[in-house]
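Since the structure comes first, as structure tokens, the remarks are kept for the end.
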Amino acid sequence: LIGRAPEAPVDLAAVEALLLGADLGVGVVDPIMARVRATLGEAPARGEAGYRRAMETVRAALLERLAPCQSPLEITAAKPYVIMLLGVNGSGKTTTAAKLAERFRRAGCRVVLGAADTFRAAAVEQLQVWGARIGAEVIAQPPSRQGGADPAAVAFDTVQAGVARGADVICLDTAGRLHTKSNLMEELKKIVRVVGKALPGAPHERLLVLDATVGQNGLAQARYFHEAVGVTGVVVTKLDGTAKGGILVAIAHELNVPIRCIGVGESAEDLVDFNAEQFVEALLG
Amino acid sequence: QLTTRVQSWVDRLRRGGTLSAEEIDAALGQLRTTLLDADVHQEVAASLLERVKSRAVQLRVQESLNAADRILALVGQELAALMGDKHRPLRLSSEPPTVIMLVGLQGSGKTTTAGKLARLLKQQGRRVLLAAADPRRPAATEQLQTLGRSLLVDVLGDASTQDAVALCRAAVERARARATEVVIIDTAGRLQIDAPLMGELKAIHAAVKPHEVWLVVDGMMGQEAVATARAFAGAVGVTGLVMTKLDGDAKGGALLSIRAMTGLPVTYIGTGEKLEALEPFHPDRMASRILG
Ligand SMILES: Nc1nc2c(ncn2[C@@H]2O[C@H](COP(=O)(O)OP(=O)(O)OP(=O)(O)O)[C@@H](O)[C@H]2O)c(=O)[nH]1
Ligand SMILES: Nc1nc2c(ncn2[C@@H]2O[C@H](COP(=O)(O)OP(=O)(O)OP(=O)(O)O)[C@@H](O)[C@H]2O)c(=O)[nH]1
Ligand SMILES: [Mg+2]
Ligand SMILES: [Mg+2]
């Protein structure tokens, strides 16, 4: 792709284009390009060797940011271990809740799903179909006269039910919400508080679900959700597409939160632990 | 109405009186960051900067009075030119039913937009049929049926079928039989690189020959917007764009980028989760959103 004749100068524009195209953002790309120029100031700066040196600098800079955040989701002694999924609309929370439930069920855990998205059309039904597919009980409440049930009430019920049934893991799905909607962010905080009342320390994992196609707004999303409820882990979905999810680098740098896993498809098994080297390889590939 | 960030470099430039080459470069550097942070595609940003630079340099030669404001006016003009015309209202076919097909990546807002469009058309006195043509996503049919019920709009759906093509054909036939004026087809989200699923889209298109194929794009989409739009356009002849979730703080640079690189017209924008939240596209508002 970035062709290089034997003694041609390294095509810095092409390197920069690759990085910008991956949604790394100007704030991340400009300093990396400065480092590349600095290392190319020393030999070798041309041809194949120069190109390799440039890409090595890029790889190292990216790993520097991402490697410290590589930290797979592990359940602790807390029982049930409560995982709450949160994020903006359409990012893949419900599907990821099902994937996590599938993973833990296969590991021999008893898993309960909580259908705390009581707002969106057929959100509860969507999780119920998943629950039936993967063999996990789904806790839900019927809609009230005014609309959906209270999401905090469903969350509370889910934790209580999980405790009563001796569940090992609870995956609590919440409604998508734009981080700029303060009333919805308050609702999310309330769900967290209520879950903590049902089980002190819960939710043990507050998982931000990010769509890999997101551009620079992903950083704002991470900031706001982190400020609101304290994000303990990030999942990036839809990495089976062409988007590279490069905004993750800025997020890792700024928030220093664990990046747990990546979503690579629409089936229950399409969830892989985040590996910084593989992520960087795919980004630069 | 320029925002504070842009105003602050106007002020910086103004204080200098005339504009030097260095000052022009600094302004362009700031503009580059603004555009890329707004998710404008890097090629679109680069060519916009080139055009602004060549016009700004000429300005410097001609006159330096209010050059800073002139540069910003140039930027505004270039953005407006790229944004193109305002919303073109939907024209119904003289041979009903008019078939509108919604396509796009997973989670972009197609099903919700289908509901919003049905509500709008019904308000305009049109008879509408919604076709739930997503055979894969759990409870996708239920989702559209729930929206249809709330609007008292018919939905053709069959949660047990895998055959999206047959369902779409049945929807158009039903519309013809009942003199329904518009059929809105909600398709499953898919990756543009998924050959079998793009094949399904082409098969639906060939079977029902939609009058409109609208690509539904998430307002927060980044640099892959242009490649994605081109791929969908190449597969099924997209006739319009809908950008959703613009009620958030995403700048929506993907919209400018797709417009600049494909020329596709923008139909509506989604500004909320409720079915009322569908608005006509205003190019000047999107332009100032990007510069904000
Ligand atoms: N290709 C791909 N699609 C995914 C992935 N994760 C989720 N999806 C799809 O993205 C779409 C949205 O997923 P949901 O799980 O409904 O997203 P959500 O965040 O729960 O959405 P809301 O509840 O409406 O905010 C669905 O079509 C999923 O199948 C992934 O890793 N890869
Ligand atoms: N805030 C906001 N949310 C929106 C808008 N349009 C859609 N949504 C939400 O985005 C999420 C995804 O919407 P869907 O209509 O299910 O998206 P889709 O494209 O049909 O998803 P798939 O069928 O899985 O590909 C839902 O939570 C919607 O309520 C919008 O304009 N603003
Ligand atoms: Mg959901
Ligand atoms: Mg849908």
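Chain letters run A, B, ... following the sequence lines, proteins first, then strands; residues in each count from 1. All values below were derived from every heavy atom in this structure, side-chain atoms included, with hydrogens, water molecules and symmetry-related copies excluded.
- Looking at A:V29, neither its backbone nor its side chain comes within 4.5 Å of chain B, counting heavy atoms on both sides.
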Evaluate the criterion salt bridge (Lys or Arg N to Asp or Glu O under 4.0 Å) for residue pair B:D37 and B:R32; output intermediate values, then yes/no.
-> CA-CA 8 Å; B:D37 278 351; B:R32 168 184 173 266; over 6 Å; no
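- Only the side chain of B:L105 comes within less than 4.5 Å of a heavy atom in chain A; its backbone stays farther off.
- Checking A:T242 against B:E224 by side-chain atom types alone, a donor-acceptor pair falls below 3.5 Å.
- If you measure heavy-atom distances from B:Q192 to chain A, the contacts under 4.5 Å come from the side chain alone.
- At distances below 3.5 Å, not a single donor-acceptor pair connects side-chain atoms of B:K245 with backbone N or O atoms of B:A250.
- Of all the listed residues (B:M221, B:Q145, B:E273), the one sharing the greatest number of non-hydrogen pairs under 4.5 Å with chain A is B:E273.
- If you measure heavy-atom distances from A:K244 to chain B, you find no contacts under 4.5 Å at all.
- The choice from A:T94, A:V88, A:L219, A:L178 that makes the most heavy-atom pairs within less than 4.5 Å of chain B is A:L178.
- Taken to the nearest 0.5 Å, the OG1 atom of B:T187 stands 8.0 Å off from the CD atom of B:E200.
- Contacts between A:A220 and chain B at a heavy-atom distance below 4.5 Å involve the side chain alone, from C-beta outward.
- Of the possible polar contacts, one joining the A:S91 side chain to the A:V209 backbone as a donor-acceptor pair under 3.5 Å is found.
- Contact record, B:I290 with B:G252: CD1-O, 4.5 Å, taken as the closest heavy-atom pair.
- When heavy atoms are compared at a cutoff of 4.5 Å, A:D240 approaches chain B by way of both its backbone and its side chain.
- Across every non-hydrogen atom of A:H226 and A:V231, the tightest pair is ND1-N, 3.0 Å.
- The candidate with the highest count of non-hydrogen atom pairs below 4.5 Å against chain B, out of A:Q128, A:E16, A:K238, A:E125, is A:K238.
- The choice from A:G27, A:G241, A:G246 that makes the most heavy-atom pairs within less than 4.5 Å of chain B is A:G241.
- Of the atoms belonging to B:I193, it is side-chain heavy atoms, and not backbone ones, that fall under 4.5 Å from chain A.
- Using a 4.5 Å cut-off between heavy atoms, A:A17 contacts chain B through both its backbone and its side chain.
- Between the side chains of A:Q126 and B:Q143, not a single donor N or O lies within less than 3.5 Å of an accepting N or O.
- Of the listed residues B:P138, B:G189, B:A227, the one with more heavy-atom pairs under 4.5 angstrom with chain A than any other is B:P138.
- When all heavy atoms of B:M83 and B:M286 are compared, the pair lying nearest together is CE-CB, 3.2 Å.
- In this structure, the portions of B:D247 lying under 4.5 Å from any heavy atom of chain A include both its backbone and its side chain.
- The candidate from B:R137, B:E142, B:H41 with the greatest count of non-hydrogen atom pairs under 4.5 Å with chain A is B:R137.
- A donor-acceptor contact under 3.5 angstrom links the side chains of B:S160 and B:D158, judged on distance only.
- Ranking A:A212, A:A121, A:A123 against chain B, the residue ahead of the rest is A:A121, based on heavy-atom pairs under 4.5 Å.
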